[in-house]
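Worksheet for the structure shown next.
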Amino acid sequence: KMQIQEMALPYLINCLLLTYGPIFIVYKTLLSEQKSIKSMITGALAFAITQSCKTVLLAILLPPASAEASSFNLGIDLFKGIVGLIDIVGVYYALKYKKGGSQGENQNLRPLSIGLGWGAAELFIMYFMYLAMNAIGDEFDWIYFQTALASNFELLEAICLGIIVHRFITEKQSSAFSTIA
C-alpha cells in the first residue's frame, strides 16, 4: 500500500507534463522571442468566450435529453454542428483583434500563438481537474496516460484551426486586393 501511494504523485506529474509540456516547449522554442504572450492570452480568452456562448446556446435551445436521445435527429445534430462553427468565428475575431499583439511580434507567428493559447485554455479546462483528481488515485490505470497523449492531438487541432482560419483570411484579403487592382 505504501509503494502505491509513493507512485501516485510521480504518475500524476508524468500525466500533467505529458499534457502541458508541449505547450511550454512550443512557446519556448518558437514564440518566447517574438513576445507572443498577449496573442496567446487573446486566444485563451477567445476560447473561454466561445465556449460560454456555445454552452448557453445549447442549454437554452436544445430540448432536454430523452430516451430517444441516442437516436439520430437531423435537426438537433444540425444545430449542434452550426453551434460548433462558433469556434471558427472565435478564432477569426481573435486573429483580427489587433490590440492582442505586441509591437515586436512576428505577424506570421500570430496564428500559431492564437492557436497555442486556444489549445492551452482548452487543455486546462478539459483535463486539469480530471487528471488531478483521478491520476493520483491508489491504482495505476493507463487511461489517464492515454488521455494525456490524446490531449496533444487536441492541442495540434487547435493550432491547425488557428492556421487554417488565418490562411482563409489572408486568401480572402489577397483575392479582394487582386480584383481591385
Side-chain angles (χ1 to χ4, degrees), residues 15-62 76-132 147-181:
C15 287
L16 290 176
L17 284 175
L18 186 58
T19 302
Y20 301 108
I23 297 168
F24 180 76
I25 291 170
V26 170
Y27 178 75
K28 278 304 206 182
T29 56
L30 297 174
L31 301 174
S32 65
E33 295 177 6
Q34 302 298 326
K35 299 178 178 66
S36 297
I37 192 72
K38 288 184 181 178
S39 292
M40 286 183 62
I41 292 171
T42 301
L45 288 174
F47 172 78
I49 291 168
T50 57
Q51 294 308 305
S52 298
C53 291
K54 284 170 58 173
T55 302
V56 168
L57 280 173
L58 289 173
I60 290 174
L61 300 174
L62 279 184
I76 290 176
D77 289 334
L78 187 62
F79 178 71
K80 287 179 184 178
I82 291 170
V83 168
L85 294 175
I86 292 175
D87 288 341
I88 296 171
V89 173
V91 170
Y92 175 80
Y93 282 112
L95 286 167
K96 297 299 260 180
Y97 184 68
K98 296 295 184 194
K99 291 182 182 177
S102 299
Q103 291 289 351
E105 182 183 17
N106 183 350
Q107 291 301 313
N108 293 330
L109 292 177
R110 185 163 166 78
L112 176 64
S113 59
I114 294 285
L116 190 64
W118 183 282
E122 181 178 8
L123 296 186
F124 183 76
I125 290 172
M126 301 291 285
Y127 293 110
F128 183 74
M129 289 305 291
Y130 174 74
L131 289 174
T147 301
L149 278 175
S151 70
N152 292 317
F153 291 106
E154 290 189 26
L155 178 64
L156 183 62
E157 177 186 351
I159 291 171
C160 289
L161 178 65
I163 292 170
I164 288 170
V165 172
H166 180 262
R167 294 283 300 178
F168 175 75
I169 291 169
T170 54
E171 284 185 23
K172 190 171 130 181
Q173 288 174 347
S174 66
S175 67
F177 181 72
S178 65
T179 57
I180 293 173

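Only this structure's heavy atoms are used, side chains among them; waters, hydrogens and symmetry mates stay out.
For D77, the side-chain contact (heavy atoms from CB on, under 4.5 Å) partners at least two apart in sequence or on another chain are F72, K80. Contacts of F124 classified as ring-ring contact (aromatic ring centres under 6.0 Å, His included), with partners at least two apart in sequence or in another chain: F128.
Considering only heavy atoms from C-beta on, P111 stays 4.5 Å or farther from V165 through its side chain. Proximity of L116 to L30: side-chain heavy atoms (C-beta onward) are nowhere separated by under 4.5 Å.
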Validation: residues 147-158 side-chain donor-acceptor distances under 3.5 Å, sequence neighbours left out:
residue : atom : partner : partner atom : Å
T147    : OG1  : I143    : O            : 2.7
S151    : OG   : A148    : O            : 2.5
N152    : ND2  : L18     : O            : 3.4
E154    : OE2  : Y127    : OH           : 2.6

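Every pair passing ring pair (Phe, Tyr, Trp, His ring centres under 6.0 Å) that includes a residue from residues 31-55 is listed here, sequence neighbours excluded: F47-W118. Listed by first and then second residue, the side chain to side chain donor-acceptor pair (under 3.5 Å) pairs that reach into residues 15-26 come to none, sequence neighbours excluded. Screening residues 39-59 for salt bridge (Lys or Arg N to Asp or Glu O under 4.0 Å), with sequence neighbours left out, gives K54-D87.
Heavy atoms from other residues, nucleotides or ligands lying under 6.0 Å from CZ of F168 number 12 at most.
Interatomic distance, OG1 of T170 versus CD of Q107, reported as 12.5 Å (0.5 Å rounding). With values rounded to the nearest 0.5 angstrom, L57 atom CG is found 11.5 Å from T50 atom OG1. Atom CG of L58 sits about 11.0 Å away from atom CD1 of I76, to the nearest 0.5 Å. Note that the NE2 atom of H166 and the OH atom of Y92 stand 11.5 Å from one another [nearest 0.5 Å]. The distance from atom CG of L17 to atom CZ of F24, rounded to the nearest 0.5 Å, is 10.5 Å. With values rounded to the nearest 0.5 angstrom, T55 atom OG1 is found 10.5 Å from I60 atom CD1.
Heavy atoms only, all atoms of each residue included: A94 and R110 are closest at O-NH2, 3.0 Å.
Partner of S113 under the side-chain contact (heavy atoms from CB on, under 4.5 Å) criterion, out of I41, I37, I159, L31: L31 alone.
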